[in-house]
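Count residues from 1 along the sequence.
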Amino acid sequence: MTDTTAHRHTDTPPDLPRWIAARSDAELIRAMSLRPDLTAPPPASLAVLAGRAEQRRSILHTADTLDTLALTVLEILAIEEAYERPVTRAALLAVVAKRAPAKSVDKALSQLRERLLVWGDAAGFRISAAAADAVPWRIGRALDPVDNLTEAHITAALAELGDGERGLLDTLARSSPTGRTRDAAPGTPPDRPVQKLLAAGLLIWLDEQTVELPVQVGQILRGEPMSDPRSLAEPKLDTNTYSLADVDAAAAGEALELGRHCVAVIEALSASPAPALKAGGLGVRELRKITKATGLDDDRVSVLVELLAAAHLISSGTPDPVPASDNGDDYWAPTPAVEAWLTAAPAARWHTLASAWLEVPRAPWVIGMRDPNDKPIAALSEEVRSPAAPRDRRMILELLAELGSGHAAQPADLARTLAWRRPRWSGRFGVTPVGHVLAEATALGIVARGAISTPGRSLLHDGNAEADMRAALPEPIDYVLVQADLTLVAPGPLEPDLQDRIELVADVESAGAATMYRISDTSLRRALDVGLTASELHTLFATHSRTPVPQALTYLIDDVARRHGRLRAGVAASFVRCEDPALLAEVMASPAAESLALRALAPTVAISQAPLAEVLTVLSGAGFAPAGEDSSGTIVDLRARGSRVSARRPRQAFRTPAVPTEEQLGSLVRGMRAADRAAGNGGAVVRADGSRASSTATMTLLQTAAKVKRSVSIGYVDAQGVATHRIVDPISIGGGQLDAFDPATGGVRRFTLHRITSVALVE
């Protein structure tokens, strides 16, 4: 870097405690709202607040919210050693003048100052010693000469590499980009892999033992979109534009499909609860059973079970009734909450699932990937848990929402922008994670055509998302189209009551914007089993079909109804009665009679000790068509309601630290100022000569002693309140701690900085 001595301020700016004390109440309130960790527990004084603001952990946490420009400014201040001496605004602009306008640099400085990461003014800025650790790349990268790496150049150079060179680059791309090797030293034979990579521009030489993988090369190796790591301007997003009506219509279609598929999964788990793995997940074999029962693919079912579990519609536990094959293990099955969900309107169903997905601390898209032990990650397992997933989802969707209604962007472009805005989190915003999150949001109708939908925007911004989805969904219709091949088409969503009856008398063959059903003797018998009569079936189709009812359907209804119910079963434990003695005699002569232990009481009546449901199942399986009846002879609906399991209490989702209200922060500021006035010393440390020194001056003195290897005499109060004086040799200072060699014990000891009461160099 060019010499900036002339730009350095000769007068030392206030240390952080005094600078903080000089801030207005509004500025302190703003700082604590941006750094809520500083307020827990409430600091007793401004000196304590300043001490926390300089702690490494708090600095790193705050730096997570900074963009590339702000972190680059922090990097330059670290290069200029602003933790020891002031650095002027002119010095900063001298470095970034060609890469960012002064207005942008001033904005970044303002962000850093209001977060207490930088203090001072244009005549001289200071930072804490730990601030350099917040920069997620090598300190000094800002001063590297501009490279001319292009995607074409990198791709061509990679194609010419041997296995050894490519393996070395892949290792650096997967781990730290900086590597140490003796082959970096000058004079190393040029045929060595490291020397070949240096010559090809695929590695950067740092010193005789250190090389670095260029950021762009790492991006290409990982399949990420290439971007300029030194760019201080946010990447521009290329967008496509769709009409909002088109986006919302597509979102509504996805919401309907999602609801139908979730019902299918619930029914499958009701009929056959899935045994939970010992570790708590859902095994591949059980997932395949659900896939086969629902006709969906594995990936879809994996996401659906995660959604249902997030909404507490399924859970693991002991189901009621207990499966016949129960061995004491837990099972995945629907919860009692599913009853209300199944009867809710489509928009309400959608809102339950979408809001659960937005907040659940899990990443369903990792299901099927390999864990560190090279085992596939199971659905509903602990490996899918991701505490930061809700925050990441919101950041991705918020960026999409910023583009405006109907504007869509590609995952690669979104990933590039997010990585610039949050470089410390760039690993979580790669193309793959962003693409999967958008795919999940699309399956939920939050995103459609690559743009955020109106219901999705409301969900994100706490609007009335359910009402917006209700408006986006097509109006329910009260008619179907019956066709000559015994299929019927619903050209849109049916009214709830009509849909229940249609699903009772016909089976779904295909679904989408229009749903096709198939009518068969089995489906008609199902309707008759729950008490519908042939006359009611004829009326149903005559009333609600916009097309003439085919004669074949009329004949089929009459034929099935004529055979249905001639044989009656009741509770005796169970009984079987029939007006036709010949038919009952046929039943008694069949193998079914033996398995049910049927005993004839009269030519038209037989009894069994088997439950009624079992009698009906066995007789139906033997080719008969029995109907269940109650004590009055009325046909009853004996369909199984399925297994249910009590929902377990969910684990706490990820939550950002609670931010106190402005009123609470104002009260806290007033309390700290009062405490400082009462103390009268502003939190200063007492030097050996009795004068007071600021905490920053103390740290500077200790850092100087560590650099020049000088011993210091310190006064120290331990946790028990015992005050001592000792002579130590400082080794390192950071994170509110001093590591020093203590000659008295012959070992390295750690001292908490705020417990040091005095410090002086030993002559």
Side-chain angles (χ1 to χ4, degrees), residues 12-59 61-62 110-121 124-131 656-702 714-723 735-738 751-759:
T12 302
D15 59 20
L16 184 57
R18 296 183 187 279
W19 188 78
I20 286 178
R23 298 304 94 201
S24 68
D25 287 2
E27 289 174 317
L28 293 178
I29 290 171
R30 172 65 174 166
M32 290 188 290
S33 66
L34 291 171
R35 295 179 67 173
D37 60 301
L38 299 181
T39 65
S45 66
L46 292 176
V48 174
L49 179 69
R52 290 184 188 174
E54 291 189 276
Q55 290 181 354
R56 182 177 184 274
R57 182 176 180 180
S58 178
I59 288 173
H61 181 72
T62 305
S110 176
Q111 293 174 345
L112 294 167
R113 291 173 81 246
E114 66 182 1
R115 287 168 172 78
L116 309 182
L117 295 175
V118 170
W119 69 91
D121 53 29
F125 293 110
R126 293 291 305 276
I127 62 173
S128 301
T656 54
V659 178
T661 64
E662 186 171 340
E663 183 179 354
Q664 291 171 328
L665 292 175
S667 177
L668 182 57
V669 169
R670 289 190 295 272
M672 288 189 292
R673 290 199 188 280
D676 282 352
R677 285 194 299 270
N681 62 13
V685 173
V686 181
R687 292 194 183 99
D689 61 4
S691 62
R692 299 189 180 278
S694 68
S695 59
T696 301
T698 300
M699 287 189 64
T700 301
L701 180 59
L702 292 172
I714 63 171
Y716 190 73
V717 179
D718 63 20
Q720 288 71 41
V722 178
Q737 306 285 341
L738 163 66
F751 301 92
T752 303
L753 286 177
H754 73 260
R755 294 184 180 276
I756 298 176
T757 59
S758 64
V759 59

>> Ignoring hydrogens and geometry beyond distance, is a side-chain donor-acceptor pair present between Thr62 and Arg35 at under 3.5 Å?
In response: yes
What pairs with [X] under side-chain hydrogen bond (donor to acceptor under 3.5 Å, both in side chains), at least two apart in sequence or on another chain?
X: Ser45; answer: none
X: Arg56; answer: Asp133
X: Glu27; answer: Ser24

Which heavy-atom pair separates [X] from [Y] by the least distance, and what is that distance?
X: Ser58; Y: Asp37; answer: OG-OD2, 2.6 Å
X: Ala130; Y: Glu54; answer: CB-O, 4.2 Å
X: Trp19; Y: Val118; answer: CH2-O, 4.0 Å
X: Ala21; Y: Leu46; answer: CA-CD1, 3.8 Å

> Partners of Ser667 by side chain to side chain contact (heavy atoms under 4.5 Å, CB included), sequence neighbours excluded?
Replying inline: Arg670
>> Please enumerate all residues that pass side chain to side chain contact (heavy atoms under 4.5 Å, CB included) together with Ile29, with sequence neighbours excluded.
In response: Glu662, Leu665, Val669
Could you grab the distance from atom [atom1] of [X] to atom [atom2] of [Y], nearest 0.5 Å is fine?
X: Leu116; Y: Leu38; atom1: CG; atom2: CG; value: 6.5 Å
X: Arg23; Y: Trp119; atom1: CZ; atom2: CH2; value: 12.0 Å
X: Arg52; Y: Arg57; atom1: CZ; atom2: CZ; value: 12.5 Å
X: Ile59; Y: Ser128; atom1: CD1; atom2: OG; value: 4.5 Å
X: Leu34; Y: Arg115; atom1: CG; atom2: CZ; value: 5.0 Å
X: Phe751; Y: Leu702; atom1: CZ; atom2: CG; value: 10.5 Å

> For Arg30, which residues count as a salt bridge (Lys or Arg N to Asp or Glu O under 4.0 Å) partner, sequence neighbours excluded?
Replying inline: Glu114
>> I'd like to know whether Asp25 forms a salt bridge (Lys or Arg N to Asp or Glu O under 4.0 Å) with Arg673, so could you lay out the CA-CA distance, the side-chain angles of the two residues, the decisive distance to 0.1 Å, and finally the verdict.
In response: CA-CA 10 Å; Asp25 287 2; Arg673 290 199 188 280; 2.8 Å; yes
> Within the side chain of Tyr716, is there an N or O that forms a donor-acceptor pair under 3.5 Å with the backbone of Leu753?
Replying inline: no
> After noting the C-alpha distance and the side-chain angles of Leu16 and Arg126, does the key distance pass the side chain to side chain contact (heavy atoms under 4.5 Å, CB included) rule?
Replying inline: CA-CA 9 Å; Leu16 184 57; Arg126 293 291 305 276; over 6 Å; no
> Ile20 and Leu49: side chain to side chain contact (heavy atoms under 4.5 Å, CB included), yes or no, with the steps?
Replying inline: CA-CA 9 Å; Ile20 286 178; Leu49 179 69; 4.2 Å; yes
